[in-house]
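Just follow the structure's listing: the first ligand is 1, and inside any ligand the first atom is 1.
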Amino acid sequence: MIADVVVGLQFGDEGKGKVTHQLVRNGNYTHVVRFNGGCNAGHTIYHEGKKFVTHHIPAGVFYGIKSVIGPGCVVNPKQLFKEIKELESNGIEVHSLLKIAANAHVITDFHVAEDKKDVDIGTTKTGNGPAYRDKYARKGVMAVELPEFDDFIIDMYSEFHENPDFDQIEVLCEGAQGFGLDIDWGEYPFVTSSHCTTAGVVANGIPHTAIRDVWGVAKVYETYVGAKDFEDPDPVFAQIREVGAEFGATTGRPRQVSWMSMDLLRRSIKINGANKVVFNKADILDEVGTWCVYDGMDAQNFDSADEMESWVITELSDPDVIVFSRSKDEI
Ligand code: IMP
Ligand code: MG
């Protein structure tokens with residue numbers, strides 16, 4: 001069994017959807033597994049010239065690959081069925097490909113109502129936090145308990161470890177959110193409630209020995225949506241927000257913008273064990289014409305994208321592959 005992993009190195013919205021979509025297109029995966037989060041996530045995918053935003057459904061469905069909502073996830077049945085309908089009305093077959101781990105948890109109407117009361121964190125109000133709270137308080141509802149999920153339920157152990165073709169299994173593990181929002185590594189309490197790092201993959205029944213590549217996905221500038229102060233008062237950030245269309249895929253909220261933090265990247269690359277790193281949206285800074293990163297207390301300014309790119313590549317010596325991407329649908 002082989003598993004590749006896609007994780008966010010910043011605060012979500014790094015373009016993981018794009019990277020996943022391309023890996024699925026070019027790879028030989030038998031499964032795509034979402035390993036954390038719920039419909040707080042919004043993965044934007046350009047497929048055959050059309051824009052799709054998925055919340056629950058893994059990107060495997062775009063290429064006819066079995067797509068699993070793993071045990072580390074929480075699922076809102078209403079949102080899920082809405083999404084299935086949306087994709088299927090656009091000609092993407094979902095029903096026969098979608099699987100839900102028996103031990104994933106359910107986001108109930110009560111969880112959504114609870115989350116709507118949040119004022120402190122700036123959550124997506126999708127019931128994510130309360131669903132995980134109840135899971136860990138051991139009063140949650142498991143996916144296997146919902147009759148409407150009957151068609152989709154699988155057990156991760158039988159799916160992988162009792163499979164006679166175990167050696168042929170290739171899984172792409174699709175992460176949601178990112179390192180800066182991780183429950184353990186993000187800036188608590190301004191975090192989400194799940195494990196967004198490679199650690200989360202292993203908790204989904206995928207053995208660590210199967211992991212081959214960890215693709216860390218970053219953006220050449222940072223964005224964050226939530227209650228903490230993130231954006232410095234510099235008009236360039238408003239410009240990046242407009243040019244980069246930095247508005248939430250799930251909530252439509254404007255994302256706060258900042259320069260990319262090298263300290264955050266160093267930490268998230270190490271802790272995720274990322275050996276391949278993709279920097280998205282380099283085209284946006286080209287259009288804005290300003291290139292800068294934060295390194296400790298310093299702001300490093302560059303005269304061109306190439307200059308920034310080679311500096312970043314020298315600073316981050318760990319990954320074997322570092323790619324700067326200037327396209328919406330290609331790495
Ligand atoms: P929650 O996950 O809805 O509880 O929100 C907690 C924090 O994570 C808030 O700051 C959200 O804006 C942020 N967040 C959750 N999911 C995403 C995502 O997919 N992209 C970006 N930010 C997210
Ligand atoms: Mg997103």
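- Ranked by closest heavy atom to atom 15 (C) of ligand 1, the top entry among Q177, K125, K16 is Q177.
- Contact analysis puts F11 in contact with ligand 1, with a non-hydrogen atom separation below 4.0 angstrom.
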Decide salt bridge (Lys or Arg N to Asp or Glu O under 4.0 Å) for R255 and E231; before the verdict, give the C-alpha distance in whole Å, the side-chain angles of both, and the deciding distance to 0.1 Å.
CA-CA 9 Å; R255 298 170 180 154; E231 185 170 309; over 6 Å; no

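- The side chain to side chain donor-acceptor pair (under 3.5 Å) contacts involving residues 163-174 comprise H43-E174, where partners must be two or more places apart or lie in separate chains.
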Does the pair H21 and Y63 meet the rule for a ring-ring contact (aromatic ring centres under 6.0 Å, His included), with working shown?
CA-CA 9 Å; H21 186 247; Y63 292 102; 5.2 Å; yes

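- Contact annotation for N128 and ligand 1: only side-chain heavy atoms (C-beta onward) come within less than 4.0 Å of the ligand.
- In terms of N/O distances under 3.5 Å, ligand 1 is not approached by T126.
- Screening N275, V171, D4, T198 for a side-chain contact (heavy atoms from CB on, under 4.5 Å) with I211, the sole residue that qualifies is T198.
- There is a side-chain donor-acceptor pair under 3.5 Å between T126 and T124.
- Summarising the local packing, CG of N26 is surrounded by more than 12 heavy atoms from other residues, nucleotides or ligands at distances under 6.0 Å.
- Counting only non-hydrogen atoms, the option in V225, V74, L181 that gets closest to atom 23 (C) of ligand 1 is L181.
- Residue contacts with ligand 1 include V191, since one or more of its heavy atoms lies under 4.0 Å from the ligand.
- Judged purely by distance below 3.5 Å, without hydrogens or angles, the side chains of N40 and T192 pair a donor atom with an acceptor atom.
- By the 3.5 Å distance cut-off applied to N or O atoms, D115 is not counted among the residues near ligand 1.
- Within the listing of ligand 1, atoms 20 (N), 21 (C) sit less than 4.0 angstrom from a heavy atom of D13.
- The contact set between ligand 1 and G226, taken as ligand atoms under 4.0 Å from a residue heavy atom, comprises 10 (O).
- Distances from ligand 1 to the non-hydrogen atoms of R253 include at least one value under 4.0 Å.
- Some N or O of N40 is nearer than 3.5 Å to an N or O of ligand 1, by distance alone.
- Residues N76 and H56 have side chains that never bring a donor and an acceptor to within less than 3.5 angstrom of each other.
- For the residues G122, G12, G127, G129, the heavy atom positioned nearest atom 9 (C) of ligand 1 is part of G122.
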